[in-house]
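In what follows, a structure is listed as C-alpha cells, so that the remarks can point back to it.
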Number of protein chains: 2
Amino acid sequence: MNLKQLSELLGLSQTTVSRALNGYPEVNEATRERVLQAVKETGYRPNKAAQRLATGKAGSIGLVMPTAPGHQSDVHFGEFLAGLGEEAVRHDFHFVIMPADPDDEVAALRRLAISGNVDALFVAYMRGHDPRLAMLKSLSMPYVVHGRSFGSEPDYPFLDIDNEGAFYDATRLLLQLGHTRFALMNGPMHLDFAIRRRNGVMSALAERRLTLDEDCVSHALMTDEQGLLAMERFLQLPERPTAILCSSTVLALGAIRAVNQAGLRLGEDISLIAHDDVLPLLKPENFSVPLTTTRSSLRAAGARIAQRLIGTVKQAGPFPDQELWKTELIVRSSTGPAPQRS
Amino acid sequence: MNLKQLSELLGLSQTTVSRALNGYPEVNEATRERVLQAVKETGYRPNKAAQRLATGKAGSIGLVMPTAPGHQSDVHFGEFLAGLGEEAVRHDFHFVIMPADPDDEVAALRRLAISGNVDALFVAYMRGHDPRLAMLKSLSMPYVVHGRSFGSEPDYPFLDIDNEGAFYDATRLLLQLGHTRFALMNGPMHLDFAIRRRNGVMSALAERRLTLDEDCVSHALMTDEQGLLAMERFLQLPERPTAILCSSTVLALGAIRAVNQAGLRLGEDISLIAHDDVLPLLKPENFSVPLTTTRSSLRAAGARIAQRLIGTVKQAGPFPDQELWKTELIVRSSTGPAPQRS
DNA sequence: TGAAGCTGTCAAAGCGCTTTGAAATTTCCT
DNA sequence: AGGAAATTTCAAAGCGCTTTGACAGCTTCA
C-alpha cells in the first residue's frame, strides 16, 4: 500500500493525502478525518526511504560502533544507547548504527554522513587530538560529541562530564584522609577521559608536592579482569599504594577481589574511589564494602545528547553548544583514613 | 556530488557510471577504470536513500531495542550487538535500531518492517506465546529469532541455545554431588529462556523425585542487585538450599556477595552454577572462587545470526532455518559435594 | 454585479539512484 | 565487403514521497 494507491482509494490526489497526513493547514478537516480513517484501515505507512529522498530528512541519528573480531564490547556503549533511545522513542527517531573497525573510525563516520541515511551524528570514544573533529566540521551536518578531545580547540558541540574535576576532588578527599601513596586505574590511554582524569589526580597531588609514579598507573580496558590484574600489580609494589582511584566500577570489581585475596581490608588498608557511570547492573552501594564514587549517569548523558540532536534537526530552538556536567562525590565505606605507616 | 554531476564530469551517461560502479560486466574495463578514478578524486558516494528506493535493498538489519524511562538497559543487548556488528562490518551492512517501549514491541516491529528502511529483521527477548511471531510470518521479510517462543509451534527461523539441556545437565551435576535442596535464580518469568531453564531444572529434579519449591525460585532482572536480594531471601529459608542455579554471571555476582556476607563458603556450604554468556566484563574464572558455568557465547550467536540474515538478503545460498546450540558445562570451584546435614 | 480574496484540491516536477529496452559502435565470420 | 553478432553506451521510466504553482469553486465587499 503506497500513497498512490491510498489516494486512488480515497478519490483524492496524492498531494491532498500527503498534506492531510503531514498536518498542513490547507486541507479540510472533514477530508483529513477521512484520510486518517483510511490510513487506520489499510495500515498504510509512508516509505521512509522515499520520504528521506524527498525531504532530505530521515528521522535518524547515526553512530559508529567500534567492533572487530576480538574487539571487546563495551558495557558503556549499551548503557549510553539506552539513554539515546529513551529520548528518541519520544520523537519517533531511530538510530543507524554503523559497525566499524576501531582503526577505521574517521572513514566510517564519513561514510555514514555521506550515505544520506542520517540527519545527525553522535560521536563518542573521543581521543586526544581526535582526527574526526576536522572531518565533522567540514560536514555541514549536526553532531554532538560525547566527551571532548584533549589538545584540540574546544570549538565544537559537546557534552562532557568534568572528568578532571571529579578525579581532582576524589584525590583531595583521599589526601585529606592522610593518604600519600596513590595509584590510578584508568581506561585506555589514548581516550580523552583517561587523560583528563589522570590530570585531575596529578594536579591535586601536585598541590601537596606529591607525584604519581609510573608504576602506579594502569591504562587498560575497563573489565573486571583488568582491574584484578592491575591491582595485583599495585599490591606487589615495594611501597604499596593505600589510595586507589579507579575509572570504573567494573574495574573496581576486579580490584576489590585482588584486595580481598591479598587479605587486606577495603576502607582500612586500602581506600578506593571509583567513577560510577550508574550502570544498572552494578550498584556501588551493593558492594560488600559500599563504594565511594564520583557519579554521573551515562544514560542521562545519552538522553540529553539525543535531545539536543533531535532538537537541532527539528529546528526546535537553540541548544547550548557545550555542556560540562559536574559529577557528584558520594562518600561510602570504601574510603577511610590512611593506615599508620607500618 | 551526485550521479548526474559525476556522469557529466566524465562525459558519460548515468547508466554507464552506475553500471561501472556496481560491477556490471557490460562496461568497458577502460571506462570502468576512468569512473573509479573519478570517484576517488571527487569522493562521490551514492545516496543510500535513493539506492534503497530504486533497488528495494537497504543493506541494513533492523532491530527493536526495548527502552523507556526507568527501563533497565541490558548488558546482553550490547554484547549481542557486538556480535551482529562483527559480521555486518564485513558486508558493509548497518543496523537500524528502533527504540520502543517494551509494551509496544509488536507495533514497533511492524513499523520498522513497513518503513522500508530495512531488509531483514532480528528479533530477541522472546516470550512464551510471543505475539510477534504471527506478525513476522505475515510480513514477507527475512527474519531470524534469537531464542524461541515456548508454547508456539517452532515453525520459524531461529537460533537458540539449549537452555533446558544446559540447566538439566547443571542440575544433574549437583544432584550427583549429593545436593537435595535446590534454588533457581532466573531471569524475568515471561521470557522464553527463563521458562526453559526452569523446566530443565525441574525435569532433572523430577528424576530423583525432587521438586523445586516456589520459595526457591526467583524471577527478576539480571543485575547484581537482584542477585544479592534473591540470595538473601534463599539464605533465610528454614531449609536453606545448598545448590543454586543462576541464569547469569551478573546475578551470581550479587548472589556470591550475599553468601560471603552470611559467612558461608562458596563451593562448600553453597554450590552454585551460573550460565555464562561470555560477557567480556565478567569472567567466571576470575571470581574469587572460580565459577562452575554453563557456557555459550552470546556474541558468537549474534555473529551467526547476522551471517544468516545477510546471507539471506544477498541470496547467498540456503541457511539452516533452525539452529540449537549446545552449551558447555565447565566445572570450576564453585561446586562441591553437598555439606553433611547439620 | 463584477472584482478580489479565500479555500480546498490537483497536476506535475523533482529527490538520486537503478534498470529496461533500444541505439550506436565494434568485432567476427563467410 | 556485407551482414550477423557481440559489445558498449544511452535515454527514459520508475521507485514513493513532498512541494510548487495553478486552478476551480465560494465568499465577500464596494
Side-chain angles (χ1 to χ4, degrees), chain A residues 1-36 38-39 42-60 92 111 113-119 141 313-315, chain B residues 1-36 38-39 42-60 92 111 113-119 141 313-315:
Chain A
M1 170 63 57
N2 57 24
L3 227 211
K4 191 171 171 192
Q5 294 169 344
L6 184 67
S7 59
E8 277 166 6
L9 186 81
L10 283 160
L12 291 169
S13 75
Q14 297 189 36
T15 312
T16 306
V17 177
S18 171
R19 301 209 130 135
L21 256 32
N22 295 319
Y24 280 64
E26 62 265 67
V27 39
N28 194 318
E29 257 330 298
T31 313
R32 190 191 305 276
E33 276 309 317
R34 216 154 63 80
V35 171
L36 259 28
V39 165
T42 58
Y44 165 80
R45 292 278 152 194
N47 179 310
K48 288 277 180 190
Q51 244 170 354
R52 163 65 174 153
L53 192 56
T55 60
K57 298 283 159 225
S60 70
D92 198 26
R111 277 206 305 281
I114 304 187
S115 76
N117 262 330
V118 301
D119 298 324
M141 171 174 287
V313 171
K314 290 193 167 176
Q315 319 226 21
Chain B
M1 170 66 57
N2 58 24
L3 227 211
K4 192 171 172 193
Q5 294 168 344
L6 184 67
S7 59
E8 277 166 6
L9 186 80
L10 283 160
L12 290 169
S13 75
Q14 297 188 36
T15 312
T16 307
V17 177
S18 170
R19 300 208 132 134
L21 257 32
N22 296 318
Y24 280 64
E26 61 266 66
V27 39
N28 194 319
E29 258 330 297
T31 312
R32 190 192 304 277
E33 276 308 315
R34 215 154 64 80
V35 170
L36 258 27
V39 166
T42 58
Y44 164 81
R45 292 280 152 193
N47 179 310
K48 287 280 181 189
Q51 246 171 353
R52 164 65 175 152
L53 192 56
T55 60
K57 297 284 161 224
S60 70
D92 198 25
R111 277 205 306 281
I114 304 186
S115 75
N117 262 329
V118 301
D119 298 325
M141 170 174 288
V313 170
K314 291 193 166 177
Q315 320 228 19

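Proteins get letters first, then strands, A, B, ... in listed order; numbering begins at 1 in each. Bear in mind that the values here come from a model prediction, so they are computed numbers and not experimental data.
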Scan nucleotides 18-26 of chain D nucleotide by nucleotide, 5' to 3', and note B when protein non-hydrogen atoms come under 4.0 Å of the base, S if they reach only the sugar-phosphate, - if neither. BBBB-----

Atom CD of B:E29 and atom P of D:dT9 are separated, to the nearest Å, by 11 Å

At what distance, to the nearest 0.5 angstrom, does CZ of B:R111 lie from CG of A:D92? 5.5 Å

Could you state the NZ-C1' distance from A:K48 to D:dC15, rounded to the nearest angstrom? 17 Å

Just so I know, are the side chains of A:M141 and A:V118 near enough to count as touching, which here means a heavy-atom distance under 4.5 Å? yes

Starting at NZ of B:K4 and ending at C1' of C:dC17, how long is that distance when rounded to a whole Å? 13 Å

Once you round it to whole Å, what is the distance between P of D:dA11 and CD of B:E8? 11 Å

Less than 4.0 angstrom between a side-chain N/O of B:N47 and OP1 or OP2 of C:dG16, yes or no? no

Hey, which sits more toward the 5' end of DNA chain D by its nearest nucleotide, A:M1 or B:V27? B:V27

State whether the number of non-hydrogen atoms from other residues, nucleotides or ligands found under 6.0 Å of B:Q315 atom CD is greater than 12. no

Can you check the B:N117 CG to D:dC15 P distance for me, whole Å? 19 Å

Would you check if B:V35 and B:L21 make a side-chain contact, meaning some heavy-atom pair closer than 4.5 Å? yes

Check the distance between D:dA6's C1' and B:N28's CG and give it to me in whole angstrom. 13 Å

Contacts of type side chain to side chain contact (heavy atoms under 4.5 Å, CB included), residue A:L3, not counting sequence neighbours: A:Q14, A:V17, A:S18, A:Y44

If we only count heavy atoms from C-beta on, is the A:T42 to A:Q5 side-chain gap below 4.5 Å? no

Roughly how many Å is it from CZ in A:R32 to C1' in C:dT7, rounded to a whole number? 13 Å

Distance check needed: C:dA13 P versus A:L53 CG, whole Å only. 17 Å

